[in-house]
Amino acid sequence: MAYDRYLAICHPLRYSTLMSNSLSVNLTMFSWALGLLGSLLPLAMVCKLLFCGPNNINHFFCESLALFELSCTDVSTSKLSVFLFASAVVLGSSLLIISSYTAILVTILGSPSNTRKQKAFSTCASHLMVVLLFYGTLIFMYVVSPARSNPEVNKGVSLLYTVVTPVLNPVIYSLRNSDIHNVLDSTLKTMMLHTHLYCGLKLQNIFNLFY
């Protein structure tokens, strides 16, 4: 999505040529393959461990860092491997996204049209919100947090990128949709109307009690 935004804003006349269907498929497949690879490495590390103590995971899903804590063998190598791989994947992809949006920002600021600036900012804002929330929690979880490994904090952070971000995705990406705006506007007006009516009835009842 960052590359798509980059082409749409920095190279609008060449967008349809550069962002071909084959490129879109290749980018999608690469993302899926990288995600699968990112899951296989922690799985391989966990499969090599021995578990001889309590089997209650201090987490709400089988997260690799939580499983490492249950092992009765040395997990320093496994933790280091996961840390290095996660750092390379998360920070590497973050740098690509930051580079893309840096180029976009330079292009937007150099544009003389205020309308084009506003449109470009609104186009990128929703994606940036999701990126900051998702990658911020991932960096804290797998790049920063393992050094001090607080299980309770890790559970809270995991909740952000496994539940909160996917739930917010459709809301954030649909904020620019005019139909969504109309529905939200009508809903808020209805809620305000009902609130006024309810308060009016309550005041009328109180008035009747005294008079």
Side-chain angles (χ1 to χ4, degrees), residues 1-7 18-102 126-173:
M1 289 188 68
Y3 185 65
D4 179 79
R5 298 291 189 271
Y6 165 74
L7 292 180
L18 296 174
M19 183 54 73
S20 60
N21 290 334
S22 60
L23 179 60
S24 299
V25 171
N26 290 335
L27 289 173
T28 303
M29 296 301 293
F30 175 75
S31 300
W32 288 350
L34 193 61
L36 178 62
L37 183 61
S39 302
L40 290 177
L41 180 65
L43 177 62
M45 294 292 103
V46 170
C47 289
K48 294 180 179 180
L49 301 178
L50 295 177
F51 298 92
C52 49
N55 57 357
N56 294 322
I57 302 175
N58 187 17
H59 215 288
F60 56 88
F61 70 98
C62 292
E63 208 277 329
S64 58
L65 295 178
L67 287 172
F68 288 157
E69 299 300 324
L70 298 181
S71 177
C72 54
T73 56
D74 182 23
V75 295
S76 57
T77 302
S78 299
K79 282 188 174 182
L80 180 62
S81 300
V82 172
F83 166 75
L84 293 176
F85 183 78
S87 299
V89 173
V90 175
L91 295 180
S93 55
S94 299
L95 288 175
L96 288 175
I97 296 173
I98 291 172
S99 301
S100 172
Y101 278 103
T102 300
S126 57
H127 186 221
L128 274 177
M129 289 174 64
V130 175
V131 165
L132 291 175
L133 181 61
F134 183 72
Y135 277 93
T137 53
L138 282 182
I139 290 173
F140 180 85
M141 183 72 183
Y142 293 103
V143 180
V144 179
S145 182
R148 54 182 183 272
S149 188
N150 187 325
E152 298 304 319
V153 173
N154 287 347
K155 283 192 288 185
V157 175
S158 298
L159 193 66
L160 288 176
Y161 71 82
T162 57
V163 178
V164 176
T165 304
V167 169
L168 289 180
N169 271 346
V171 177
I172 293 174
Y173 284 123

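Nothing here was measured: the structure is a model prediction, and the numbers come from that model.
Between L96 and Y3, the closest side-chain pair of non-hydrogen atoms is not below 4.5 Å. Using a 4.5 Å cut-off on side-chain heavy atoms (C-beta onward), F68 and P42 make no contact. For the pair E63 and E69, the minimum side-chain heavy-atom distance is 4.5 Å or more. Counting heavy atoms from C-beta on, the side chains of M45 and L67 never come closer than 4.5 Å. K48 places none of its side-chain heavy atoms less than 4.5 Å from the side chain of S78.
Distance check, rounded to the nearest 0.5 Å: CG of L27 to CE of M19 gives 5.5 Å. Rounding to the nearest 0.5 Å gives a distance of 5.0 Å between OG of S158 and CZ of F60. Here the OG1-CG distance, from T137 to L132, works out to 10.5 Å after rounding to the nearest 0.5 Å. Atom-to-atom distance recorded for L34:CG and S39:OG is 9.5 Å, nearest 0.5 angstrom. Within the model, atoms CG of L138 and OG of S87 stand 11.5 Å from one another, a figure rounded to the nearest 0.5 Å. In this structure, CG in L133 is found 3.5 Å from OG1 in T165, a value given to the nearest 0.5 Å.
A side-chain N or O of S93 and one of Y135 form a donor-acceptor pair less than 3.5 Å apart.
Within a 6.0 Å sphere centred on CZ of F30, heavy atoms belonging to other residues, nucleotides or ligands number 12 at most.
A donor-acceptor pair is defined here as one N or O able to donate and one able to accept, closer than 3.5 Å; no such pair exists between the side chain of S71 and the backbone of F51.
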Given L18 and L23, is the side chain to side chain contact (heavy atoms under 4.5 Å, CB included) satisfied, shown in steps?
-> CA-CA 8 Å; L18 296 174; L23 179 60; 5.6 Å; no
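Nearest heavy atom pair, residue P166 against residue T162, reads CG-O, 3.5 Å.
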